[in-house]
Every structure is written in C-alpha cells, then in structure tokens.
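Here is how names work: the chains are called A, B, and so on, in the same order as the sequence lines, proteins then strands, and each is numbered from 1.
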2 protein chains.
Amino acid sequence: MSKPLLPLLDDCVPTPRPVMPDERAADLARAFKAIGDPARLKLLSMITGDPRGEACVCDLTDAFTLTGPTISHHLKVLREAGLITGERRASWVYYRPVPEALARLTEVLAPMTVAAA
Amino acid sequence: MSKPLLPLLDDCVPTPRPVMPDERAADLARAFKAIGDPARLKLLSMITGDPRGEACVCDLTDAFTLTGPTISHHLKVLREAGLITGERRASWVYYRPVPEALARLTEVLAPMTVAAA
DNA sequence: CATCGATTTAGACATCTGTCAAGATAGGCG
DNA sequence: CGCCTATCTTGACAGATGTCTAAATCGATG
C-alpha cells in the first residue's frame with residue numbers, strides 16, 4: 001500500500017509519470033463497458049461492417065436468439081455510450097457507427113498495445 | 001424482427017456478410033469488459049505505460065482512493081482476462097502487460113474504426 | 001381513422017459486480 | 001522460530017446488468 005519515502009531498495013520505486021485522469025478513465029471505461037458484452041460487440045461489428053454504412057434493426061435481430069426488446073436494450077446501451085446513432089426511416093430503424101467515438105477507443109488502446117510489445 | 005423473404009422494398013435487405021462468431025464475440029467481450037471499468041482501465045494504462053515494462057502493486061495502489069483488496073480484485077480481473085500477468089519478487093508483486101492480448105483488441109477495434117470513418 | 005407490423009419502453013426477476021472489513025498467506029528480518 | 005509488511009482471499013452487501021413478457025409508440029396502409 002505504501003512505499004518507502006526514500007527508495008531504500010531499488011525495487012518498488014515510484015513511477016512519476018502522468019496518470020490517466022479519472023474523468024478520462026471514466027469516460028473511456030463507459031465506452032469499453034458498452035462493448036464488453038458479446039451481444040453488443042457482435043451488434044457493433046455488424047453495424048460497422050455493413051457495406052451500406054448502416055444496419056437495419058430487422059437484420060440485426062435475426063442474427064441472435066435474443067428477443068426483440070433485448071436487442072433494443074443493447075442498442076440503447078451502445079447509443080448512450082455514443083458509439084452508434086439510430087434513425088427511423090419508413091417502418092424501419094437504422095443504426096450507424098459514430099466514427100469519432102470508435103477512433104477515441106482505438107487511440108487509447110493502440111499506444112498501450114505498442115508500449116506493451 | 002423478420003424481414004420479407006424477398007425484398008419487396010429496397011429497404012431492409014439482408015446483409016449476407018460473415019458475422020463475428022459467437023465464440024469470438026464472447027472471448028473478446030470478456031477482455032473489453034475487463035477494461036470497461038475506470039479503475040481497471042487506469043490500472044492497465046499505468047502498467048502498459050510504465051517505462052520499466054512492469055508496475056509494482058505498491059505504486060498502483062497509491063494512485064487510487066480504493067482499498068488494497070479492491071485493487072487486488074481489479075488486478076485479478078485483468079489477469080483472468082489475460083491482459084496482464086503478475087509475478088512476485090521479494091516482498092512485492094509486479095504486473096506486466098500481455099502484448100498479444102492487447103493486440104487482439106486493437107485488431108478488432110481498428111478495422112471497425114476504419115470502416116466507420 | 002382503424003389496424004397492422006416494427007421497434008421501444010416499463011416492470012419484474014435472477015444474476016453479476018464493485019466495494020469494503022476481516023482474516024489468511026507469504027517472504028524478509030530479527 | 002516469530003513478528004512485520006505487503007498482498008491476496010473470503011464473506012457480505014448494495015447496486016448495476018441481462019433477460020424476458022406485456023404494454024406503449026410510431027409510421028404505413030387499407
């Protein structure tokens with residue numbers, strides 16, 4: 001829990017680097033948490049991977065054994081995390097990715113990956 | 001929930017592309033879920049960002065208002081997600097990133113980001 | 001305008017999660 | 001051997017989460 005005020009051993013010396021600010025950590029964690037569910041990750045991959053640039057809920061729902069309301073719930077979580085936006089056109093609702101939000105996640109993860117390698 | 005067998009309207013046509021397999025989605029979601037918590041994201045950023053390539057629990061704990069056991073719990077979650085490994089040396093435990101695991105996450109996220117742009 | 005189909009909202013319920021206090025474990029040191 | 005410090009494990013508990021059914025909404029269409 002606490003380290004010696006003066007590093008008597010050359011183990012366990014402090015790490016005086018800029019730490020990820022709490023606010024940023026909370027913000028990013030919200031987004032990562034949103035994709036931290038198999039259904040939502042699959043939904044996001046279907047939405048981002050759709051060649052039309054958007055995906056219809058009717059198509060999404062068919063790819064799961066989950067009920068409609070449950071899919072709707074997961075889409076709402078992704079929406080509230082700022083990762084996708086939804087729009088109603090005619091009888092159907094279409095979802096499309098929010099590129100900036102996804103970019104933010106990649107921009108956090110990539111440096112970690114590089115630093116770790 | 002269901003789409004017409006033959007696309008009578010040119011809206012809501014099926015998306016016949018390879019969908020992320022459930023097993024892969026579950027596996028990746030586990031890892032994303034692990035970093036879907038502010039404390040754990042901050043921990044991971046401290047561990048991956050440490051110039052020594054590893055971080056001592058004693059340093060990590062000091063950066064939080066959380067208790068020791070809670071930090072330990074979060075480190076365990078990251079460990080069980082395969083994102084970090086821990087090793088005991090002398091009195092202290094050191095954690096280091098698992099590059100392959102982080103790379104897997106980036107490799108999923110980056111294409112989504114690009115496709116969405 | 002009455003109805004129908006697609007989607008979301010509301011409510012309920014079991015399970016999972018984050019947190020802490022208290023006890024266990026594991027090396028180093030006297 | 002027995003204490004001390006650092007870390008982890010256990011047990012408990014409030015709160016969040018995933019899922020469903022039933023009901024509401026919202027366009028389209030007859």
Over all atoms of both residues, closest heavy-atom pair of [X] and [Y]:
X        : Y        : answer
Ala29(A) : Pro38(B) : CB-N, 3.4 Å
Met46(B) : Ala63(B) : CE-CB, 3.7 Å
Ala34(A) : Leu83(A) : CB-CD1, 4.0 Å

message = Under 4.0 Å, heavy atom to any atom of DNA chain D: which of residues 32-39 of chain A qualify?
response =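 Residues of residues 32-39 of chain A under 4.0 Å from DNA chain D: Lys33(A), Asp37(A).
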With a cut-off of 3.5 Å and sequence neighbours excluded, list every side-chain donor-acceptor pair involving residues 110-117 of chain B.
from, atom 1, to, atom 2, distance (Å)
Thr113(B), OG1, Leu102(A), O, 3.4
Thr113(B), OG1, Thr106(A), OG1, 2.7
Thr113(B), OG1, Leu109(B), O, 2.9

I need the [atom1]-[atom2] distance between [X] and [N], as an integer number of Å.
X        : N       : atom1 : atom2 : value
Arg40(A) : dA16(D) : CZ    : P     : 15 Å
His74(B) : dT17(C) : NE2   : P     : 12 Å
Tyr94(B) : dC8(D)  : OH    : P     : 13 Å
Glu80(A) : dT17(D) : CD    : C1'   : 13 Å
Leu66(A) : dC20(D) : CG    : C1'   : 10 Å
Trp92(B) : dC8(D)  : CH2   : P     : 14 Å
Phe64(B) : dG18(C) : CZ    : P     : 13 Å
Arg89(B) : dA26(C) : CZ    : P     : 19 Å

request  = Find the distance between CG (Leu60(B)) and NZ (Lys42(B)) and round it off to the nearest 0.5 Å.
outcome  =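 Reported value, rounded in 0.5 Å steps: 10.5 Å.
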ask   = Does Thr67(B) have a side-chain nitrogen or oxygen under 4.0 Å from the phosphate oxygens OP1 or OP2 of dC20(C)?
value =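 Answer is yes, contact under 4.0 Å.
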Phosphate-side-chain proximity, Ser91(B) and dG28(C), N/O vs OP1/OP2 below 4.0 Å =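 It does not, given that no N or O in the side chain of Ser91(B) lies less than 4.0 Å from OP1 or OP2 of dG28(C).
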task = Check salt bridge (charged side-chain N to carboxylate O under 4.0 Å, His left out) between Arg104(B) and all other residues, then give those that pass, not counting sequence neighbours.
result =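 Arg104(B): no salt bridge (charged side-chain N to carboxylate O under 4.0 Å, His left out) contacts found.
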query = Which residues pass the salt bridge (charged side-chain N to carboxylate O under 4.0 Å, His left out) test with Glu87(A), sequence neighbours left out?
reply =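 Counting only residues at least two positions away or on another chain, Glu87(A) forms a salt bridge (charged side-chain N to carboxylate O under 4.0 Å, His left out) with Arg89(A).
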Please list, for nucleotides 8-13 of chain C, all pairs of protein and nucleotide N/O atoms separated by less than 3.5 Å.
from, atom 1, to, atom 2, distance (Å)
dT8(C), OP1, Tyr95(A), OH, 2.6
dT8(C), OP2, Ser72(A), OG, 3.1
dT8(C), O5', Ser72(A), OG, 3.2

ask   = Below 4.0 angstrom, N of the basic side chain to O of the carboxylate: do Arg30(B) and Asp37(A) qualify?
value =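 Salt bridge: no.
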request  = Can you tell me which residue pairs pass the salt bridge (Lys or Arg N to Asp or Glu O under 4.0 Å) test with a partner in residues 68-86 of chain A, sequence neighbours excluded?
outcome  =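 Pairs touching residues 68-86 of chain A that pass the test: none.
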